[in-house]
Amino acid sequence: MCDIDNSMIKALYSPIASQPHLAAKHLYGQFIGSWQGKIRSETDGSSSLNITIDIAWVLEGQAIQDVWLVTPTINEDSSTNSHSYKATTLRSYNPETEQWHVQWCDPLNNDTHTRIGYAANNEVIEDFYDKEHLANQICLSEITPRTFHWRHQQLIHQQWQTIAYGIFQRTDE
């Protein structure tokens, strides 16, 4: 296990955002810290996952990285829950397009993809295509300094349908 004295961690971690485009970096910078929540599947209505997310500035404040630790809820058997995983996201701002490049990596489920992040209607939206080449969105909404709502939507028959939903609360204040 790495500790904070590890040279790789020291090289990766940054306590603050870099100065260029600081206002634009607030879109994701407002989430820096630790969060906990529960995501519930809207497709089967019964499965839910406990989530811990730790988010920090990295690479001299030029990017944001989060680490997701996902565990099944108590009433589920983790040995059969295909949704259990540890994953990471790396986000960097592109001033030319005024969008964020978002790289998702979930090695356990062999799921990696690129998203485009941007602000729209008081939400943070990330558009991407999944392994089956279906259009998807992650939407962060009802954002306050202590909470936010997380929604995974998929474009089905030309309409966005929510397939998973969760509420997260800050745990580091």
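Worth knowing before you read on, the calculation uses all heavy atoms, side chains too, and leaves out hydrogens, waters and symmetry mates.
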Could I get the full list of ring pair (Phe, Tyr, Trp, His ring centres under 6.0 Å) partners for Phe128, not counting sequence neighbours?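 Once residues adjacent in sequence are excluded, the partners of Phe128 under the ring pair (Phe, Tyr, Trp, His ring centres under 6.0 Å) criterion are His113, His152.
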
Can you list the residues that meet the ring pair (Phe, Tyr, Trp, His ring centres under 6.0 Å) rule with Phe31, with sequence neighbours excluded?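 Counting only residues at least two positions away or on another chain, Phe31 forms a ring pair (Phe, Tyr, Trp, His ring centres under 6.0 Å) with Phe148.
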
With heavy-atom distances below 4.5 Å as the criterion, would you say the side chains of Ile64 and Ile32 are in contact?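 Touching, per the 4.5 Å side-chain cut-off.
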
Report yes if some heavy atom in the side chain of Trp150 is under 4.5 Å from a heavy atom in the side chain of Phe168; otherwise report no.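 Heavy-atom side-chain distance check passes, below 4.5 Å.
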
Suppose the criterion is salt bridge (Lys or Arg N to Asp or Glu O under 4.0 Å): which pairs have a residue in [range], not counting sequence neighbours?
range            : answer
residues 88-100  : Asp66-Arg91, Arg91-Glu126
residues 15-28   : none
residues 148-164 : Glu123-Arg151
residues 26-38   : none

Report the residue from Thr112, Asp111, Asp106 that forms a side chain to side chain donor-acceptor pair (under 3.5 Å) with Asn109.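 With Asn109 as partner, Thr112, Asp111, Asp106 yield a single side chain to side chain donor-acceptor pair (under 3.5 Å), made by Asp106.
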
Listed partners of Gln161 passing side-chain contact (heavy atoms from CB on, under 4.5 Å), at least two apart: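 Listed in chain order: Ile156.
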
With sequence neighbours left out, write down each residue that passes side-chain contact (heavy atoms from CB on, under 4.5 Å) with Leu27, or none if nothing qualifies.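 Once residues adjacent in sequence are excluded, the partners of Leu27 under the side-chain contact (heavy atoms from CB on, under 4.5 Å) criterion are Trp100, Ala119, Val124.
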
Flag the pair Trp35 / Trp68 as yes when their ring centroid distance falls below 6.0 Å, and as no otherwise.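 Ring-ring flag for Trp35/Trp68: false, centres at least 6.0 Å apart.
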
Kindly compute the distance separating CH2 (Trp104) from CG (Asp130), expressed to the nearest 0.5 Å.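 One finds 13.5 Å between CH2 of Trp104 and CG of Asp130.
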
With sequence neighbours excluded, residues passing side-chain hydrogen bond (donor to acceptor under 3.5 Å, both in side chains) with [X]:
X      : answer
His21  : none
His26  : none
Gln62  : Ser18
Gln169 : none

Check the side chains of Thr171 and Gln36 for a donor-acceptor pair under 3.5 angstrom, ignoring hydrogens and angles.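 The answer is no; no qualifying pair exists.
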
For Asn136 and Leu134, which heavy atoms make the closest approach, and how far apart are they?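 Shortest heavy-atom contact: ND2-O, 2.7 Å.
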
